[in-house]
Amino acid sequence: MNNGITKTILLVEDEVLIAMAEKAQLQKYGYDVHHVSTGEKAVETIADTTHPVDLILMDIDLGSGIDGTEAARQILKEVEIPIVFLSSHTEPEVVEKTEKITSYGYVVKNSSTTVIDASIKMAFRLFDVNIKLRGELIERKRIDEALQESEVKFRALFEKGPIGVAYHEMVYDDSGKAIDYRFLAANESYLKLTGVDPRGKLVTEAFPGIEDEPFDWIGTLGHVARTGEEIRLEQHLQTTDRWYDCVGYQVKPDHFVAAFVEITERKRAEEKLHLKSSFIDGIAKVTPDLFITYDKAGVYLEIATANENDLFLKKEELLGSKLSEVL
């Protein structure tokens with residue numbers, strides 16, 4: 001019996017002598033049998049969780065009270081338990097009546113105890129399978145709901161986020177060299193940041209001439225798609241004449257995501273600052289004069305001199321300081 005664990009059966013039978021005989025036979029097969037004679041008592045017994053029951057062996061005709069099918073219906077509203085109907089009736093309409101209830105078998109009363117025992121064991125197996133399947137369905141539903149929630153969050157980030165994001169599939173030639181990649185998806189920020197709608201296109205179609213760029217976009221991202229190595233870089237795209245801070249990572253072999261923000265204004269400001277500094281340094285190299293620039297508040301912004309010994313403080317100490325603080 002189920003790894004040596006004794007199963008408790010509730011026998012619902014209104015004929016006392018029949019119940020005594022059935023109880024004695026079932027006990028010989030290792031069951032712990034509790035007997036009640038009415039449907040009402042069966043409902044009360046199951047509601048009382050002091051003495052747990054593993055299976056109900058239910059007669060259909062139970063005298064003047066509720067019959068076995070009604071008792072089973074009331075019980076199953078409250079608990080999930082295997083019920084096997086035991087009856088002397090073989091009429092199709094009676095059997096059909098029990099089929100409308102979640103039962104695990106129908107046994108004729110004059111069947112041998114061996115048959116009843118086999119029906120009980122089958123009922124336990126079916127019940128265990130049913131519970132397992134139901135648990136799997138609940139878990140699957142939970143996973144589906146979690147996936148749906150994740151999808152909603154992903155869409156919110158993907159579609160509305162400020163970062164341009166595109167999902168790609170790499171294209172290789174017969175030798176395995178990356179020669180192109182296809183845009184499978186791109187968000188609205190991608191379109192705004194690049195000024196191009198690449199969805200469904202190859203990169204060479206969306207950005208004509210990209211294969212001739214000084215920076216090897218296809219080869220670099222092909223390495224990411226093939227090896228799974230992540231990259232981050234700041235790069236200028238001549239096709240759009242814009243600078244981008246990019247991140248590329250593999251999703252699965254030959255598929256990768258490229259995410260980026262535009263940094264054109266910052267890069268051009270850096271270039272202007274570099275040109276300005278180079279210009280001032282160049283002047284300092286050809287003239288003995290000292291050049292100092294400061295803002296309205298008197299804060300030193302630039303200092304250029306051919307000989308730093310001309311300064312009364314080190315250049316690093318002066319920059320960012322106010323005239324009133326150092327004079």
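Grouping the Ile, Leu, Val, Met, Phe, Trp and Tyr side chains by contacts below 4.5 angstrom, directly or via other members, places V196 with L221. V36 is connected to V79 through a chain of hydrophobic side-chain contacts under 4.5 Å among Ile, Leu, Val, Met, Phe, Trp and Tyr, so both are in one cluster. Under the 4.5 Å side-chain heavy-atom criterion for grouping Ile, Leu, Val, Met, Phe, Trp and Tyr, V224 is not connected to V257 through any hydrophobic cluster. Linking ILVMFWY side-chain heavy atoms closer than 4.5 Å, directly or via other members, places I231 and V165 in two distinct hydrophobic clusters. F215 and I263 fall into different hydrophobic clusters, where Ile, Leu, Val, Met, Phe, Trp and Tyr side chains are chained together by heavy-atom contacts under 4.5 Å.
Between F256 and Y181, the gap from one ring centroid to the other is short of 6.0 Å. Ring-centre distance between F183 and H168: below the 6.0 Å cut-off.
Within a 6.0 Å radius of CD in E136, more than 12 heavy atoms belonging to other residues, nucleotides or ligands are found. Heavy atoms of other residues, nucleotides or ligands lying less than 6.0 angstrom from CZ of R182 number 12 at most. Within a 6.0 Å radius of NZ in K41, other residues, nucleotides and ligands contribute 12 heavy atoms or fewer.
Annotation for T6 and D54: closest pair O-OD2, 4.1 Å, computed over non-hydrogen atoms. Nearest approach of A123 to V84, heavy atoms of both residues: CB-CG2, 3.6 Å. When all heavy atoms of I163 and S189 are compared, the closest pair comes out as O-CB, 3.6 Å. Counting all heavy atoms, side chain and backbone alike, L191 lies closest to P198 at CD1-CD, 4.1 Å. R226 approaches Y172 most closely through the heavy-atom pair NH1-CE2, 3.5 Å. The two residues Q250 and A225 make their nearest non-hydrogen contact at NE2-O, 2.8 Å.
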Before you tell me yes or no, could you show the steps for D144 and R140 under salt bridge (charged side-chain N to carboxylate O under 4.0 Å, His left out), namely the whole-Å CA-CA distance, both residues' side-chain angles and the distance that decides it to 0.1 Å? CA-CA 6 Å; D144 288 343; R140 184 177 300 175; 6.0 Å; no

After noting the C-alpha distance and the side-chain angles of I81 and V53, does the key distance pass the side-chain contact (heavy atoms from CB on, under 4.5 Å) rule? CA-CA 8 Å; I81 187 171; V53 173; 4.0 Å; yes

Mind running salt bridge (charged side-chain N to carboxylate O under 4.0 Å, His left out) on D241 and R268 for me, showing each step along the way? CA-CA 11 Å; D241 190 26; R268 288 178 179 166; 3.2 Å; yes

Before you tell me yes or no, could you show the steps for L10 and H35 under side-chain contact (heavy atoms from CB on, under 4.5 Å), namely the whole-Å CA-CA distance, both residues' side-chain angles and the distance that decides it to 0.1 Å? CA-CA 6 Å; L10 177 64; H35 168 244; over 6 Å; no

Applying side-chain contact (heavy atoms from CB on, under 4.5 Å), run through W217 and V203 and close with a yes or a no. CA-CA 10 Å; W217 289 93; V203 68; over 6 Å; no

Y31 vs I120, side-chain contact (heavy atoms from CB on, under 4.5 Å): CA-CA, chis, key distance, verdict: CA-CA 10 Å; Y31 297 106; I120 291 172; 3.6 Å; yes

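Side chain of S111 to main chain of V107: no donor-acceptor pair is present (N/O by atom type, distance under 3.5 Å, no hydrogens or angles). Checking side-chain atoms of E40 against main-chain N and O of I66 turns up a donor-acceptor pair under 3.5 Å. Side chain of Q25 to main chain of T113: no donor-acceptor pair is present (N/O by atom type, distance under 3.5 Å, no hydrogens or angles). Put simply, the side chain of R199 never gets that close to the backbone of N187: no donor and acceptor are under 3.5 Å apart. Looking at D173, its side chain does come within 3.5 Å of a backbone N or O of G176 through a donor-acceptor pair.
Side-chain heavy-atom separations under 4.5 angstrom define the hydrophobic clusters, and the remaining members of the one that includes V129 are L133.
Rounding to the nearest 0.5 Å places CG of L11 at 12.0 Å from CE of M20. The CG atom of L55 lies 10.5 Å from the OG1 atom of T8; values are rounded to the nearest 0.5 Å. Within the model, atoms NZ of K177 and CE of M170 stand 12.5 Å from one another, a figure rounded to the nearest 0.5 Å.
Ionic pairing of E139 and R142 is present here: one or more N-O contacts between side-chain nitrogen and carboxylate oxygen are shorter than 4.0 angstrom. A salt bridge between K132 and D128 is absent, with no side-chain N of the basic residue lying under 4.0 Å from a carboxylate O of the acidic one. D245 has no carboxylate O lying under 4.0 Å from a charged side-chain N of R266, or vice versa, which leaves the two without a salt bridge.
Side chain to side chain, T194 and Y244 fail the donor-acceptor criterion of an N or O pair below 3.5 Å. With 3.5 Å as the limit, one finds a donor-acceptor pair spanning the side chains of E229 and H223. Checking Q74 against E78 by side-chain atom types alone, no donor-acceptor pair falls below 3.5 Å.
Ring geometry for F260 versus Y190: interplanar angle over 60°, hence perpendicular rather than tilted (30 to 60°).
Residues in residues 201-215 take part in these side chain to side chain donor-acceptor pair (under 3.5 Å) pairs, two or more places apart or across chains: D180-T204, E213-T239.
The side-chain tip of K7 points at the ring of F124 from less than 6.0 angstrom away and within 45° of straight on.
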